[in-house]
> 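A single structure is presented below for examination.
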Amino acid sequence: IAEHEDADEEEQAAYQESQDPNGPTVNNGLWAMDIDTFRWRKIEGLNAPLPRFCHSLASFGAFCVVFGGSRDSSTSYNDLHIVDLSPFLSTTDTEDPGIAA
């Protein structure tokens with residue numbers, strides 16, 4: 001991202017955070033990519049799970065499922081979170097032709 005001349009300030013900040021010389025920081029930020037423009041945007045106002053890494057994540061329609069992970073070398077999680085992303089997505093993002101209403 002940092003080398004891409006069209007990266008906006010938010011993308012640059014996310015890249016810089018990941019390049020911390022003291023090691024990467026653990027956070028619970030959620031980002032969405034617009035696949036038409038290949039631009040990242042941060043989703044704000046979400047009651048997100050605690051910060052973690054080495055977790056499993058799956059998406060299904062407008063839902064994101066997060067399981068487990070670690071905060072550091074001594075803290076592991078065995079929890080499950082189902083996050084509804086529909087307030088943050090456009091109508092076409094939530095359409096799933098395989099699901100009947």
Side-chain angles (χ1 to χ4, degrees):
I1 293 175
E3 296 176 3
H4 194 284
E5 62 189 42
D6 293 333
D8 61 25
E9 288 181 31
E10 196 169 76
E11 290 173 319
Q12 291 285 353
Y15 177 80
Q16 292 301 323
E17 181 179 307
S18 71
Q19 302 302 307
D20 187 331
N22 298 318
T25 58
V26 177
N27 65 60
N28 61 345
L30 182 64
W31 292 77
M33 176 181 263
D34 182 324
I35 60 171
D36 293 325
T37 64
F38 290 99
R39 290 273 192 193
W40 288 97
R41 67 181 168 93
K42 190 169 187 177
I43 296 178
E44 303 282 0
L46 181 68
N47 187 14
L50 293 172
R52 61 191 65 215
F53 64 92
C54 291
H55 54 281
S56 297
L57 185 138
S59 64
F60 184 75
F63 295 93
C64 179
V65 180
V66 180
F67 174 74
S70 297
R71 166 94 187 190
D72 52 43
S73 61
S74 63
T75 307
S76 294
Y77 300 118
N78 187 25
D79 55 356
L80 180 71
H81 298 271
I82 300 174
V83 181
D84 181 5
L85 300 174
S86 59
F88 308 98
L89 304 174
S90 69
T91 305
T92 56
D93 292 332
T94 60
E95 293 175 357
D96 187 344
I99 301 174

> With a 4.5 Å limit on heavy-atom distance, are the side chains of Arg41 and Ile43 in contact?
yes
> Rounded at 0.5 Å granularity, tell me how far NE2 in His55 sits from OG in Ser70.
10.5 Å
> Out of the candidates Thr75, Asp79, Asn27, only one should pair with Arg52 under the side chain to side chain contact (heavy atoms under 4.5 Å, CB included) rule; please name it.
Asp79
> Count the heavy atoms of every other residue, nucleotide or ligand shown that sit under 6.0 Å from CG of Asn78, and state whether that count exceeds 12.
no
> Please name the pair of heavy atoms, one in Val83 and one in Pro49, separated by the smallest distance, quoted to 0.1 Å.
CG2-CD, 4.3 Å
> State which residues pass salt bridge (Lys or Arg N to Asp or Glu O under 4.0 Å) with Asp34; sequence neighbours excluded, sorted by chain then number.
none
> What heavy-atom pair brings Phe53 and Asp72 nearest, and what distance separates the two atoms?
CE2-N, 3.9 Å
> Please give me the minimum heavy-atom distance between Lys42 and Gly29, naming the atom from each residue.
CE-CA, 4.3 Å
> Are Leu30 and Val65 connected, step by step, through hydrophobic side chains (Ile, Leu, Val, Met, Phe, Trp, Tyr) whose heavy atoms are closer than 4.5 Å?
no
> Can you list, by chain and residue number, the hydrophobic cluster partners of Val66 when the side-chain cut-off is 4.5 Å?
Leu57
> Under the 4.5 Å side-chain heavy-atom rule for ILVMFWY, direct or indirect, which residues accompany Tyr77?
Leu50
> If you measure from CZ on Phe60 to CG on Leu85, what distance do you get to the nearest 0.5 Å?
13.5 Å
